[in-house]
Amino acid sequence: MKTILLLLAVIAVAQAVVTLTLSSADIEAFLKSHNDVRNALGIPSLTWDTKLADYAKDWTSRCVFKHSYGDYGENLFATGSTTKNATELAYSSASAWKSEVAYVDPDWKCVGGKPTCGHYSQMVWRDTTALGCAITQCENIANLVFCTYNPPGNYKGEKPY
């Protein structure tokens with residue numbers, strides 16, 4: 001009986017988690033949404049890194065809205081909608097992160113502060129060269145977008161560029 005209940009629980013969790021397969025257009029949307037912001041500031045463009053994307057995919061498959069605190073920079077975004085349009089989600093997440101520019105102060109105290117500009121500063125961290133993202137549909141979140149950056153940024157007390 002315990003084995004059957006465990007199997008049913010595993011099946012229920014498996015059905016509640018769907019990681020979207022990103023097309024080349026979806027990947028381009030993530031890159032463009034980041035690089036448009038970077039290029040406007042004269043910061044070099046990011047490139048797509050499949051290792052970072054795989055890391056992001058592994059993390060989002062857990063359906064937990066929190067940072068992994070791994071070796072990479074990270075940005076999180078969640079929606080309540082169940083859209084499967086990954087391109088739309090790429091632009092929506094980047095737009096939300098970019099909107100934090102409103103909190104930037106001359107000394108960048110908003111990095112790690114409240115209100116935060118930490119998502120925005122990671123997008124424009126000069127030393128960051130690579131990006132990888134994933135989108136997972138979770139029963140408890142709807143869509144979880146997770147982008148990882150290498151080398152990481154967002155060091156308190158440092159300016160991103």
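Since the structure is predicted, the reported quantities are computational estimates derived from the model, not experimental observations. What you see below is based on every heavy atom in this structure, not just the backbone, and it leaves out hydrogens, waters and symmetry mates.
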* Residues in ring-ring contact (aromatic ring centres under 6.0 Å, His included) with Tyr120, at least two apart? -> none
* To do: Tell me whether Val145 is reachable from Trp48 by hopping between hydrophobic residues (I, L, V, M, F, W, Y) whose side-chain heavy atoms are closer than 4.5 Å.
  => yes
* Please list, chain by chain and in numerical order, all residues satisfying side-chain hydrogen bond (donor to acceptor under 3.5 Å, both in side chains) with Asn39, sequence neighbours excluded. => Ser45
* To do: Could you tell me which residues satisfy ring-ring contact (aromatic ring centres under 6.0 Å, His included) with Tyr155, sequence neighbours excluded, listed by chain and number?
  => Trp125
* Just by distance, do the side chain of Gln137 and the backbone of Val18 share a donor-acceptor pair under 3.5 Å? -> no
* **OH-CG distance between Tyr55 and Asp49, expressed to the nearest 0.5 angstrom** => 13.0 Å
* Give, for atom NZ of Lys66 and atom CG of Leu144, the distance between the pair rounded to the nearest 0.5 Å. => 12.5 Å
* With a 4.5 Å limit on heavy-atom distance, are the side chains of Cys133 and Thr148 in contact? -> no
* Measure the shortest side-chain to side-chain distance between Cys117 and Val111 over non-hydrogen atoms and say whether it is less than 4.5 angstrom. => yes
* Asked: Okay, side chain of Glu74, backbone of Phe146: is any donor-acceptor separation there less than 3.5 Å?
  -> no
* **Test item: Cys63 and Thr136 side chains (from C-beta on) under 4.5 Å apart, heavy atoms** => yes
* To do: Would you check if the side chain of Asn143 reaches a backbone N or O of Thr79 as a donor-acceptor pair within less than 3.5 Å?
  => no
* Asked: Cys147 and side-chain contact (heavy atoms from CB on, under 4.5 Å): which partner among Ile135, Leu131, Leu76?
  -> Leu131
* **Shared hydrophobic cluster, Leu22 / Tyr72 (ILVMFWY, side-chain heavy atoms < 4.5 Å)** => no
Donor-acceptor contacts, no H, no angles, side chain residues 24-35, under 3.5 Å, sequence neighbours left out:
from: Asp26; atom 1: OD1; to: Ser23; atom 2: OG; distance (Å): 3.4
from: Asp26; atom 1: OD1; to: Thr87; atom 2: N; distance (Å): 3.2
from: Asp26; atom 1: OD1; to: Thr87; atom 2: OG1; distance (Å): 2.5
from: Asp26; atom 1: OD2; to: Ser23; atom 2: N; distance (Å): 2.8
from: Asp26; atom 1: OD2; to: Ser23; atom 2: OG; distance (Å): 3.1
from: Lys32; atom 1: NZ; to: Asp36; atom 2: OD1; distance (Å): 3.4
from: Lys32; atom 1: NZ; to: Asp36; atom 2: OD2; distance (Å): 2.8
from: Ser33; atom 1: OG; to: Ala29; atom 2: O; distance (Å): 2.9
from: Ser33; atom 1: OG; to: Phe30; atom 2: O; distance (Å): 2.9
from: His34; atom 1: ND1; to: Phe30; atom 2: O; distance (Å): 2.9
from: His34; atom 1: NE2; to: Tyr149; atom 2: OH; distance (Å): 2.7
from: Asn35; atom 1: OD1; to: Leu46; atom 2: N; distance (Å): 2.6
from: Asn35; atom 1: ND2; to: Leu31; atom 2: O; distance (Å): 3.3
from: Asn35; atom 1: ND2; to: Leu46; atom 2: O; distance (Å): 3.2

* To do: For residues Phe65 and Cys138, determine if any side-chain heavy atom of one lies less than 4.5 Å from a side-chain heavy atom of the other.
  => no
* Write out all pairs satisfying side chain to side chain donor-acceptor pair (under 3.5 Å) with one or both partners inside residues 92-116, taking only residues at least two apart or from two chains. => Glu100-His119
* Asked: Which residues satisfy the side-chain hydrogen bond (donor to acceptor under 3.5 Å, both in side chains) test with Arg126, sequence neighbours excluded?
  -> none
* Once you round to the nearest 0.5 Å, how far does NZ of Lys57 lie from CG of Leu52? -> 13.0 Å
